[in-house]
**Student:** 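The structure that follows is given in the form of C-alpha cells.
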Protein chains: 2
Amino acid sequence: MPKLRRVTLTDVARRAGVSVTTASYILNGRSAQMRISKDTDIKVREAMRELQYQPNWSARTLRRKSTQTIGLVSDFIAGGAFSSELLTGANAAARQRDHLLVIGESQGDPELEQLLVEELLSRQVDGIVYATRTAREVEVPDRLREVRTVLLNCADARGDLPAVLPDDVQAGRTAAEILIRSGRDGTIQVVGEDPTPSATAGPQRMTGIHEAMHAAGRVLGPTVACEWDVVPAREAMLGWLATHEAPAGLICLNDRVALGTYQALQQHGYAVPHDVSVVSFDGSEAAAWLQPEVTSLRLPLLEMGERAIDLLLGGGRVKDMLRLPLTVHQGGSVA
Amino acid sequence: MPKLRRVTLTDVARRAGVSVTTASYILNGRSAQMRISKDTDIKVREAMRELQYQPNWSARTLRRKSTQTIGLVSDFIAGGAFSSELLTGANAAARQRDHLLVIGESQGDPELEQLLVEELLSRQVDGIVYATRTAREVEVPDRLREVRTVLLNCADARGDLPAVLPDDVQAGRTAAEILIRSGRDGTIQVVGEDPTPSATAGPQRMTGIHEAMHAAGRVLGPTVACEWDVVPAREAMLGWLATHEAPAGLICLNDRVALGTYQALQQHGYAVPHDVSVVSFDGSEAAAWLQPEVTSLRLPLLEMGERAIDLLLGGGRVKDMLRLPLTVHQGGSVA
DNA sequence: GTACTGTGCTGATTCGATTCAGCATGTGGT
DNA sequence: ACCACATGCTGAATCGAATCAGCACAGTAC
C-alpha cells in the first residue's frame, strides 16, 4: 500500500486551474460573497471530489481558532448508567451542531481534574461542560471561569456559571403528592435521608416532600436514614421493621434504596402496594426490575445533556440556571 | 476582562532571551540531545512557568502529524453501565499515553456510524477504537481497514482487524465447574439461552458450559430460553417452575437473568442457595443487589478498554485477538 | 478619452510550533 | 599558528488553510 501524501487544498487548486485562495473561498461556501463564477465553483468542487479532498483540520483550526470540539470533564463517566446517559445526550446535541466531544474523567481526583481541564484548553476546545455523577455543589478549577463553561448536574458554589440541573424540589413535591392523592391515610415515611449529604439531591427532594406534606396538612413520619445503596437500605429498613409496623406509604430517595426497601418489606411479609405504597426517584433501569415496578420520578438525563450543550453553544448567559423537571414513571407500587 | 493574546513560544523565547528554536527544543525535552546548557534550560522553563505558557495544539499537530487523539465509535455508550466502563478503561489508558478520546455514538445507525468515522478521520485521529455494547461479530465501515483500528467487545466478521474480547467460552467452563464442584448431584440447567442470538456471548458461554459438563461426565438439563432481561427471565422461569421442580443448579446467562430467576424462585418458595445454587455472568452491580449476592463471572470491562488502547498505540498487529478472562466474583449463591 | 463601478480572481502574509542546516566560539593537539 | 572537534545556539523554511489588500479587465457614464 503506497503511502500517498495527503491531498491538500493546493492540489485541488492546481487541478482546477485556480489559486488556492479561490479554492479556499469555495471550500468555505463564500463563492457568492466573493463573486466567484458559477463555472469556477463547479470546477473546483469537482476537483475536490475527484481527489477526495479532506481539509486538514489542524491547519484549519490554527487559523480559525475554533475547533468545533467541546470538552467534557466529569468525575465519573461510568456510574450506574447515569452519567453515561448524560453523555449520550450531550453527544447527540453536540453532533447536531457539528461538534464532537472530547472527554476527560477525573475519577474524583481534583489534581487530575485540573490537569484535564488544562489539557482540554490547550487543545482549544470551544467550551467545556463540567459534569458530575451526582447532583451537587462544586468548586470548579479557576480556569473554567475564563472560558465558556456550563455545569451539568452540578451548581457553581459561587453561583457564577450557567448550569443544568434536575428540579429535585419539584420532584419531591410530586412524589409526596402521588402518595397523598392515592387516598390512603396512614403515615408516610422517607427512606434514605443522608445525615451528612454532600449531594444536593437528597436535601432538595426532602424540601419538596415537606412542602407537599405541609400543603396537604399532613405530617411526615420519622425518616429511616441510610446510604443510597441497596444493601444499606435493606439493612436500615430491616432494622426499622424489627421494632415498628410498616407505614402506609414510603418515599425512597432513589431507586437503589427502593430495591433494598422492597427486599426488607418482603422479608417481613408486607406486600407492595397492598400493604405499603412506594414511590422512588431516578427512574433507572432498576426501577423496572422490581415486582411490582416501582413508581419513580425519572431524571431527564438525556435532555440534561442536550441542554447543557445548547447552553454552551447557544450562548447561555452567565447565571443561567436550568432546572429540568423529573417525569413520573408509572409503576404498580402505589395503591 | 481584557482579552489577552495567547502566550506563544515566541513570547517565552523573547522573555528568556533565546531563540524560538531553543525554546522549542527545551519544550520537547531535547535539551540534552541538542546540547543546551543547564542554565539556558532552566531560564526557559522558568519563563514558561511565569508566562503560563500552553503549547498551541493545532500548530503542533500541523507539523507533527500526530494528533494525540483517539477516536472511539460505539453503537451505544450508555447501556446498563456496561459500555461506559469500557469507556472508563479506554480513557484512562489513553491518558497514560498522553492521548485524549473523542467519542462518537452511532445509536446503532449504520449511516450515522459511517459519518462519525469520516468525521473522526478528517480530524486525523491517530487511531480508532470501534466498540459495541454487546459482544458480537461486526461488519465495520471499509474506511476502518485503511487506518489503525482496534475492535472492542466485538470481532471483525472478516477476521482481519485486531480485537479485544472477553473469553466467554472459558467463563462458561468456569461457571459450570463451580456448580459441579459444589458437590451437589442434581440437575444443572441454563436460563437465558437465546434461540436467535445476534450476540456471541450466549453461544460461547454455552459452549464452555457444555465442555465442562462433558468433561465431568454429566449431562445438562433442559434449557429455559428467554431474552436477557429481568422481566422475560422472571416469566420464563415462572413458566418452567409451574410444571417442574427446581433443579439443583442454575446457570443464568447474565446478571439480569439471574435477577429475574431469583424472583421466580422466591415466588415458588425456593431458597438460594439452600434449595438451588445459582451462578451467573457479567459481575455487574445488579449481582451485588441480590440476596444472597449471586456468584457471577465478572467481565473485565475496564481492562478490556485499556487493552484496546494499548493494542492501538502499542502496535497491535493485524489479526491479534485478545481474549481476556472473566474473574469469579464470589457471592453466596452456591451451596 | 477619462472616470467610475463592478466582476472575478490572486499574491503574499499569517496562525504557532517543529526542524534542518549551519554559524560562532572555545579547547586541545601538534 | 593551524586544524579538528565539541559545545551552544539560531535563521529560515515548513506544515495546510484562511484572509487582507489589491490587480486586471469589462462595462457604463459623461
Side-chain angles (χ1 to χ4, degrees), chain A residues 3-45 47-48 51-68 119 121-126, chain B residues 3-45 47-48 51-69 98 121-124 126:
Chain A
K3 187 82 175 185
L4 301 168
R5 201 175 49 82
R6 260 190 82 109
V7 179
T8 74
L9 198 52
T10 313
D11 301 327
V12 172
R14 188 173 317 131
R15 170 133 203 183
V18 299
S19 72
V20 200
T21 307
T22 305
S24 173
Y25 284 142
I26 292 171
L27 175 62
N28 293 289
R30 310 215 288 160
S31 349
Q33 188 186 344
M34 285 294 136
R35 304 177 294 214
I36 311 268
S37 69
K38 202 90 197 153
D39 284 359
T40 310
D41 189 284
I42 291 173
K43 237 184 350 188
V44 172
R45 282 180 196 286
M48 286 183 182
L51 297 177
Q52 299 208 50
Y53 171 69
Q54 290 276 123
N56 180 312
W57 187 79
S58 318
R60 176 173 272 187
T61 55
L62 177 55
R63 291 264 2 196
R64 281 203 192 148
K65 316 249 145 167
S66 155
T67 50
Q68 300 290 104
E119 203 159 319
L121 289 179
S122 86
R123 288 178 185 229
Q124 291 161 274
V125 293
D126 294 347
Chain B
K3 186 82 174 184
L4 301 170
R5 202 175 47 83
R6 260 188 80 109
V7 178
T8 75
L9 198 51
T10 314
D11 301 327
V12 172
R14 185 172 321 130
R15 169 131 204 186
V18 299
S19 73
V20 200
T21 308
T22 305
S24 172
Y25 286 142
I26 291 170
L27 175 61
N28 292 289
R30 311 214 288 160
S31 347
Q33 188 186 342
M34 285 294 138
R35 303 176 297 214
I36 310 270
S37 69
K38 203 87 197 157
D39 284 0
T40 310
D41 189 284
I42 291 172
K43 236 185 349 189
V44 172
R45 282 179 197 288
M48 287 183 181
L51 296 177
Q52 300 209 51
Y53 171 68
Q54 287 281 123
N56 179 311
W57 182 79
S58 316
R60 174 173 275 183
T61 57
L62 178 56
R63 293 262 3 195
R64 283 205 190 144
K65 316 252 142 167
S66 154
T67 51
Q68 303 290 103
T69 300
D98 277 315
L121 288 178
S122 86
R123 290 182 186 225
Q124 292 162 278
D126 293 349

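None of these values were measured; they are calculated from a predicted model. Residue numbering restarts at 1 for every chain, and letters A, B, ... go by the order of the sequence lines.
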**Student:** Look at all strands and tell whether B:Thr40 reaches a base, only sugar-phosphate, or nothing, counting heavy atoms closer than 4.0 Å.
**Tutor:**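 Sugar-phosphate, no base atom in range.
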**Student:** Taking for each residue the nucleotide of DNA chain D bearing the nearest heavy atom, is the 5' side occupied by B:Ala59 or by B:Ser37?
**Tutor:**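 That would be B:Ser37.
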**Student:** Do you know which two heavy atoms are closest between A:Leu51 and A:Val7, and how far apart they sit?
**Tutor:**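 So the two residues come closest at O-CG2, 3.4 Å.
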**Student:** By nearest atom, which of the nucleotides D:dA13, D:dC9, C:dT10 is closest to the B:Arg63 side chain?
**Tutor:**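 Closest nucleotide to the B:Arg63 side chain: D:dA13.
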**Student:** Across the strands shown, which category fits A:Leu9 at heavy-atom distances under 4.0 angstrom: base, sugar-phosphate, nothing?
**Tutor:**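 Sugar-phosphate contact only - A:Leu9 comes under 4.0 Å of backbone atoms but never of a base.
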**Student:** For A:Arg35 and for A:Tyr53, find the nucleotide of DNA chain D with the closest heavy atom, then tell me which residue's nucleotide is more 5'.
**Tutor:**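 The residue closer to the strand's 5' end, by nearest nucleotide, is A:Tyr53.
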**Student:** How long is the line joining CD1 of B:Ile26 and C1' of D:dC9, in whole Å?
**Tutor:**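 Computing the B:Ile26:CD1 to D:dC9:C1' distance gives 10 Å.
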**Student:** Is there side-chain contact between A:Thr67 and B:Trp57, with at least one heavy-atom pair below 4.5 Å?
**Tutor:**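 Contact flag for A:Thr67/B:Trp57 side chains = no.
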**Student:** Side chain of A:Lys65 only, please: which of C:dG16, C:dT19, D:dA17 is the nearest?
**Tutor:**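 Taking heavy atoms from C-beta onward, the closest nucleotide is C:dG16.
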**Student:** Quick one: on DNA chain C, does A:Tyr25 or B:Ala23 contact a more 5' nucleotide (nearest heavy atom)?
**Tutor:**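 Residue closer to the 5' terminus by nearest nucleotide: A:Tyr25.
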**Student:** Between C:dC9 and A:Thr22, is there an OP1 or OP2 to side-chain N/O distance shorter than 4.0 Å?
**Tutor:**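 False: A:Thr22 side-chain N/O out of range (4.0 Å or more) of C:dC9 OP1/OP2.
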**Student:** In whole angstrom, what separates A:Arg14's CZ from D:dA17's P?
**Tutor:**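 Distance check: A:Arg14 CZ to D:dA17 P gives 12 Å.
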**Student:** Under the criterion side chain to side chain donor-acceptor pair (under 3.5 Å), I'd like the reasoning laid out for B:Ser24 against B:Thr21: C-alpha separation, chi angles, the key distance, then a yes or no.
**Tutor:** CA-CA 5 Å; B:Ser24 172; B:Thr21 308; over 6 Å; no
**Student:** May I have the distance from A:Met34 (atom CE) to D:dG22 (atom C1'), rounded to whole angstrom?
**Tutor:**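 Going from CE in A:Met34 over to C1' in D:dG22 covers 13 Å.
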**Student:** What's the CG-P distance between A:Asp41 and C:dT7, to the nearest Å?
**Tutor:**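 Between P of C:dT7 and CG of A:Asp41: 17 Å.
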**Student:** Is the phosphate of D:dG8, meaning OP1 or OP2, less than 4.0 Å from a side-chain N or O of B:Lys38?
**Tutor:**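 Result: no.
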**Student:** Check whether any side-chain nitrogen or oxygen of A:Arg64 sits under 4.0 Å from OP1 or OP2 of D:dA17, and answer yes or no.
**Tutor:**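 Result: no.
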**Student:** After noting the C-alpha distance and the side-chain angles of A:Asp41 and A:Arg45, does the key distance pass the salt bridge (charged side-chain N to carboxylate O under 4.0 Å, His left out) rule?
**Tutor:** CA-CA 6 Å; A:Asp41 189 284; A:Arg45 282 180 196 286; 2.7 Å; yes
**Student:** A:Ile36 has an atom CD1; how far is it from atom C1' of C:dT7, in whole Å?
**Tutor:**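 It is 11 Å, rounded to the nearest whole Å.
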**Student:** Could you check whether B:Val18 gets within reach of a base, just the sugar-phosphate, or nothing at all, counting any heavy atom under 4.0 Å?
**Tutor:**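 Counting heavy atoms under 4.0 Å across all strands, the contact made by B:Val18 is with sugar-phosphate only.
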**Student:** Looking at C:dC15, I'd like to know if its phosphate oxygens (OP1 or OP2) sit under 4.0 Å from a side-chain N or O belonging to B:Asn56.
**Tutor:**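 False: B:Asn56 side-chain N/O out of range (4.0 Å or more) of C:dC15 OP1/OP2.
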**Student:** From CG of A:Asn28 over to P of D:dG16, roughly how many Å is that when rounded to an integer?
**Tutor:**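 Distance, rounded to whole Å: 17 Å.
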**Student:** Between the base of C:dT18 and the side chain of B:Thr21, is there a donor and acceptor pair under 3.5 angstrom?
**Tutor:**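 Flag unset: no donor-acceptor pair detected.
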**Student:** On DNA chain C, nearest-nucleotide positions of A:Gly17 versus B:Leu62: which is more 5'?
**Tutor:**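 That would be A:Gly17.
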**Student:** Do A:Arg64 and A:Asn28 get their side chains close enough for a donor-acceptor pair, meaning under 3.5 Å?
**Tutor:**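 Judged by distance alone, the side chains do pair up.
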**Student:** Given atom CD of B:Gln33 and atom P of D:dT7, what is their separation to the nearest angstrom?
**Tutor:**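 About 14 Å, once rounded to whole Å.
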**Student:** Would you kindly give the CZ-to-P distance between A:Arg6 and D:dT14, to the nearest whole Å?
**Tutor:**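 The answer, rounded to whole Å, is 20 Å.
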**Student:** Apply side chain to side chain donor-acceptor pair (under 3.5 Å) to residues B:Thr69 and A:Arg123 and explain how you reach the verdict.
**Tutor:** CA-CA 10 Å; B:Thr69 300; A:Arg123 288 178 185 229; 2.5 Å; yes
